[in-house]
Amino acid sequence: MTETTFYPLRKAMCQLACLLLSVACGGARAESLQVLHWWKSVSERKAVDLIAARLAAESDIGWHDSMIPSGSGAGAGIVLRSRMLANDAPEVAQVNGIVVRDWARLHLLLDLDAVAAAGKWDKQLLPTVAEAIKSDGHVYAAPIGIHRMNTLFYNRKLLARLHVAVPASWAQFEQAAAKLQQAGVVPLAQSSEPWQVTTLFEALVLIEGGDFHRDLFQRRHAAAYTDPRLATALQRLRSLKKWMGNPIAERSWDESMRELADGRAAFMVMGDWAKGELVSRGLNVDEDFGCTAVPGTERYHLYNIDTLSMLAAREPHRAAQEKLAALIMSPALQNDYNQIKGSIPVLRNPALAKMDSCARASWKLFASGAEAQVPSLVHRMATEEIVRDAIVAEVHRYFLDDNVSVADTQRRLGTIARTLIKSR
Ligand code: BGC
């Protein structure tokens, strides 16, 4: 075997070994980066392992994993803040949305201007993503993928067996749900975990219009909180409870997804990370399951952008941090990672032909421009974290207790929106 044929083979074998043993590989390298994140499910883990393996193979940098299980990241945020106060910051952290801007202003994040300029990120990125990673004109995060939240997943084989059509309206959903329940199937898989309830709720708000969602959560207009459309969304949330399991268990999103995968439940409203999970469990898009927009929200892309930020307190690791940022933006990683994760690349020109039908529809709608794009409240795209947390708690309270009235909830949400700071 010649040197030229042997070397690529050896490299491929090393890559495979690192893929299987990514944590161990990370430990053995001259330098490694500790990465704090909340990706825990099977598909999330696979997606993280892919980045770790490429980082090791291409730059000989280890990935020291610090996973804080916490659904949509509230717990991870708390751990990260406490570690920073204790002067024990990791080198890299999953910091999403508005938090990037807020932390950059406190000088907690490293600017990635040089990497972004070298990689021409401004030309490569979809404009909304390019904006989301900047604060006061500087780049503070490496964007990995875009998720769509207003997605209705369904078990295709189950629906076919029970002769239930995929609903295109809420009236059709009600008919389908009644039939499914009679057949002993849970119509809508749902957890009572606060962020999951509010993820469903914000998709229901979106039915009332993209601008109404923006007025409520992004612009926080006082009038939106007394608007009858908010009452409609709250009432719909309550009326959907009859189609959920009894009792509605507080469980992780991937557990709910398993109910749908096993055919015990028919539908689920969730961000499209759920697609990654279904695929990683051996199910096929367009064959075993399908995804469509939550009825009434077809024109909108309720989005969430995943990003990794580099912590400024770890300056000696700057070169390695910049290499990770550059790797994340490479087209090969973008395409491969997002296929596993269920999200779509942040790029203007991704490999569309390699995407499944859900991803292609998501990318095309997002890329169509600002009118379609609606920033998610729950996933920290729309407003300050403290406001987001307060709204999630209020919606959760309303969801759990049928004695809490719609009017009272509207009043309480209005107070939160009015009184909590706006740091723009
Ligand atoms: C993150 C996703 C993640 C999901 C569930 C969201 O906030 O953006 O990447 O898969 O939470 O853990």
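For the numbers below, each heavy atom of this structure counts, side chains included, while hydrogens, waters and symmetry mates do not. In what follows, residues are counted from 1 in the order of the sequence shown.
Using a 3.5 Å distance cut-off with no hydrogens or angles, the side chains of His396 and Thr198 do not pair a donor with an acceptor. Side-chain contact of Glu208 with His213: a donor-acceptor pair under 3.5 Å is absent, judged by distance alone.
Pro143 and Gln334 make their closest contact through O-NE2, 3.2 Å (heavy atoms, listed as atom of the first residue, atom of the second, distance).
Ion pairing between a basic and an acidic side chain is recognised when a charged N comes within 4.0 Å of a carboxylate O; Asp356 and Lys275 show such pairing. Here Asp111 does not pair with Lys134 in a salt bridge; the nearest charged N to carboxylate O distance is not below 4.0 Å. A salt bridge links Glu385 with Arg81: the closest approach of a Lys/Arg side-chain nitrogen to an acidic carboxylate oxygen falls below 4.0 angstrom. A salt bridge links Asp88 with Arg83: the distance from a Lys NZ or Arg NE/NH1/NH2 to an Asp or Glu carboxylate oxygen falls below 4.0 Å. Salt bridge annotation for Glu384-Arg388: absent, with no cationic side-chain nitrogen under 4.0 angstrom from a carboxylate oxygen. A salt bridge between Arg314 and Glu91 is present, with a side-chain N of the basic residue lying under 4.0 Å from a carboxylate O of the acidic one. Between Asp136 and Arg101, no side-chain nitrogen of the basic residue sits less than 4.0 Å from a carboxylate oxygen of the acidic one, so the salt-bridge criterion is not met. At a threshold of 4.0 Å, the pair Asp60-Lys323 does not count as salt-bridged, since none of the basic side-chain nitrogens sits closer than that to a carboxylate oxygen. One finds no salt bridge joining Arg258 and Asp262 here, because no Lys/Arg side-chain nitrogen approaches an Asp/Glu carboxylate oxygen to under 4.0 Å. A salt bridge does not link Asp215 to Arg229: none of the charged side-chain nitrogens sits closer than 4.0 Å to a carboxylate oxygen.
For Phe267 and Phe173, the ring centers sit closer than 6.0 Å to each other. Outside the 6.0 Å centre-distance limit, the rings of Phe289 and Tyr154 are not counted as a close aromatic pair. The distance between the ring centers of His379 and Trp273 falls below 6.0 angstrom.
The cationic group of Arg251 does not satisfy the cation-pi geometry with Trp195, failing either the under 6.0 Å distance to the six-membered ring centre or the 45° limit from the ring axis. Cation-pi geometry between Lys241 and Phe399 is met: the NZ or CZ atom falls under 6.0 Å from the ring centre, inside 45° of the normal.
Looking only at side-chain heavy atoms (C-beta outward), Val279 and Ile340 stay at 4.5 Å or farther from each other. The closest side-chain heavy-atom distance from Arg397 to Asp408 is below 4.5 Å. Using a 4.5 Å heavy-atom threshold, the side chains of Val197 and Val395 count as touching. Here the side chains of Leu204 and Trp170 are in contact, with some heavy-atom distance below 4.5 Å. Using a 4.5 Å cut-off on side-chain heavy atoms (C-beta onward), Leu125 and Arg348 make no contact. Taking the side chain as every heavy atom from C-beta outward, Thr292 and Val166 approach each other to under 4.5 Å. Side-chain contact between Leu112 and Gln321 is absent, with no heavy atoms from C-beta onward closer than 4.5 Å. In this structure, Tyr398 and Leu237 have side chains that are in contact, with non-hydrogen atoms separated by less than 4.5 Å.
Within 6.0 Å of NZ in Lys364 there are 12 or fewer heavy atoms belonging to other residues, nucleotides or ligands.
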Before you tell me yes or no, could you show the steps for Met381 and Ile98 under side-chain contact (heavy atoms from CB on, under 4.5 Å), namely the whole-Å CA-CA distance, both residues' side-chain angles and the distance that decides it to 0.1 Å? CA-CA 6 Å; Met381 297 287 132; Ile98 303 279; 5.9 Å; no

For the pair Gln373 and Arg214, evaluate side-chain hydrogen bond (donor to acceptor under 3.5 Å, both in side chains) and give the outcome as yes or no after the intermediate values. CA-CA 10 Å; Gln373 300 166 358; Arg214 294 183 193 104; over 6 Å; no

What verdict does the salt bridge (charged side-chain N to carboxylate O under 4.0 Å, His left out) test give for Asp336 and Arg54, after you've listed the backbone C-alpha separation in whole Å, the side-chain angles of each residue and the deciding distance to 0.1 Å? CA-CA 11 Å; Asp336 299 346; Arg54 299 254 169 111; 2.7 Å; yes

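Listed for the Gln190 side chain is no donor-acceptor partner under 3.5 Å among the backbone atoms of Leu200.
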